[in-house]
Protein chains: 2
Amino acid sequence: MTDTQLDLIFKALADSTRRRIIDRLSKQPVQPLFEVCASSVAEDGVALSRQTVSQHLAVLEKAGLIETSWKGRTKAHSLSIGDDHVAAALWIKKYKQNGEKP
Amino acid sequence: MTDTQLDLIFKALADSTRRRIIDRLSKQPVQPLFEVCASSVAEDGVALSRQTVSQHLAVLEKAGLIETSWKGRTKAHSLSIGDDHVAAALWIKKYKQNGEKP
DNA sequence: TTAACATGCAGTAATACACCTGCATATCGG
DNA sequence: CCGATATGCAGGTGTATTACTGCATGTTAA
């Protein structure tokens with residue numbers, strides 16, 4: 001796990017909009033862009049421009065958290081969260097100290 | 001775990017300089033600021049201004065990852081990474097899917 | 001008491017980020 | 001073919017981040 005990968009993953013997760021996108025993609029996988037926008041309004045009441053959502057999806061893809069594939073004129077987005085991502089998040093665990101478990 | 005806390009923690013971890021500071025603080029706990037600067041040069045060969053390091057430490061403290069206390073004219077910095085931080089990082093685990101374990 | 005030390009506060013510059021609008025491009029349906 | 005649809009690309013704006021320098025403040029030690 002390189003430093004750059006950790007940067008990308010943590011940075012991708014450090015935004016509540018992107019975390020919400022992940023959450024929505026988990027409930028309904030394989031959403032095209034316009035549907036991610038629609039879900040954002042429907043489920044979270046957050047109206048974001050298509051471009052903004054597209055940008056967030058690009059950040060998530062760069063971090064390897066989602067995968068995309070073209071189906072005709074729609075771009076299918078789906079989660080791609082594996083052990084490596086969990087392992088990256090667990091970077092912090094090495095440094096845990098307060099093992100308070102009463 | 002609020003959204004804001006997740007933001008702070010992930011953002012704090014999304015920088016290799018800060019991750020290196022955490023790593024150095026784990027090897028030698030309770031370092032004053034000037035010593036964190038010195039370690040940065042000595043161990044990583046990265047020369048950062050005192051102010052820059054101070055700012056990084058502030059970000060880490062805001063995320064609750066370190067604690068500080070004044071000892072005379074020096075400010076002692078020490079790690080304060082507990083179960084809550086690990087739990088926050090494991091936010092991603094809910095969404096893991098590729099359970100490939102052959 | 002004074003000099004050296006450790007840190008904070010203020011201000012600056014460059015870059016990155018999160019949002020937007022507008023135009024271009026590609027695909028599907030009639 | 002043509003209009004509607006789905007996306008990309010270019011560019012703009014306001015704010016945050018990361019780095020710096022310079023000056024001020026409080027503390028220890030000679």
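Values in this document were obtained by computation on a predicted structure and should not be read as measured data. Hydrogens, waters and symmetry mates are skipped; everything else that's a heavy atom, side chains included, is used. Within every chain, numbering begins at 1; the chains are lettered A, B, ... in the order of the sequence lines, protein sequences first and strands thereafter.
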Connected via hydrophobic side-chain network under 4.5 Å: [X] and [Y]:
X	Y	result
B:Val36	B:Leu65	yes
B:Leu57	B:Leu13	yes
A:Tyr95	A:Ile9	yes

| Under 3.5 Å: donor-acceptor pair, side chain of A:His85, backbone of A:Ala63 | yes
| Donor-acceptor pair, side chain of A:Lys94 and main chain of A:Trp91, under 3.5 angstrom | yes
| request: Would you mind building the protein contact string for nucleotides 3-14 of chain D? One character per nucleotide, 5' to 3', B for base within reach (heavy atoms under 4.0 Å), S for sugar-phosphate only, - for untouched. | output: -BBSBBB-----
| Going by number, which of residues 13-26 of chain A have a non-hydrogen atom under 4.0 Å from DNA chain D? | none
| When we call it a touch if two heavy atoms are under 4.0 Å apart, what does B:Lys71 touch: a base, just sugar-phosphate, or nothing? | nothing
Report, one line per pair, each donor and acceptor closer than 3.5 Å where one atom sits in a side chain of residues 43-50 of chain A; sequence neighbours left out.
unit_1, atom_1, unit_2, atom_2, d
A:Asp44, OD2, A:Arg24, NE, 2.9
A:Asp44, OD2, A:Arg24, NH2, 2.8
A:Ser49, OG, A:Gln51, N, 3.4
A:Ser49, OG, A:Thr52, N, 3.1
A:Ser49, OG, A:Thr52, OG1, 3.0

| note | A:Lys27 meets the side-chain hydrogen bond (donor to acceptor under 3.5 Å, both in side chains) criterion, sequence neighbours left out, with A:Asp23
| message | Is it the case that the side chains of A:Ser39 and A:Gln31 hold a donor-acceptor pair, with the cut-off being a distance below 3.5 Å and no angle test? | response | yes
| field | chain A footprint on DNA chain C, 5' to 3' - any atom under 4.0 Å from a heavy atom | value | C:dC17 to C:dC28
| field | Short side-chain N/O contact to D:dA19 OP1/OP2 from B:His56, under 4.0 Å | value | yes
| Are the side chains of B:Ile21 and B:Ile66 in touch, meaning some heavy atoms are under 4.5 Å apart? | no
| field | Residue pairs, two or more places apart or on separate chains, that pass salt bridge (Lys or Arg N to Asp or Glu O under 4.0 Å) and touch residues 10-19 of chain B | value | A:Asp3-B:Arg19, A:Asp7-B:Arg19
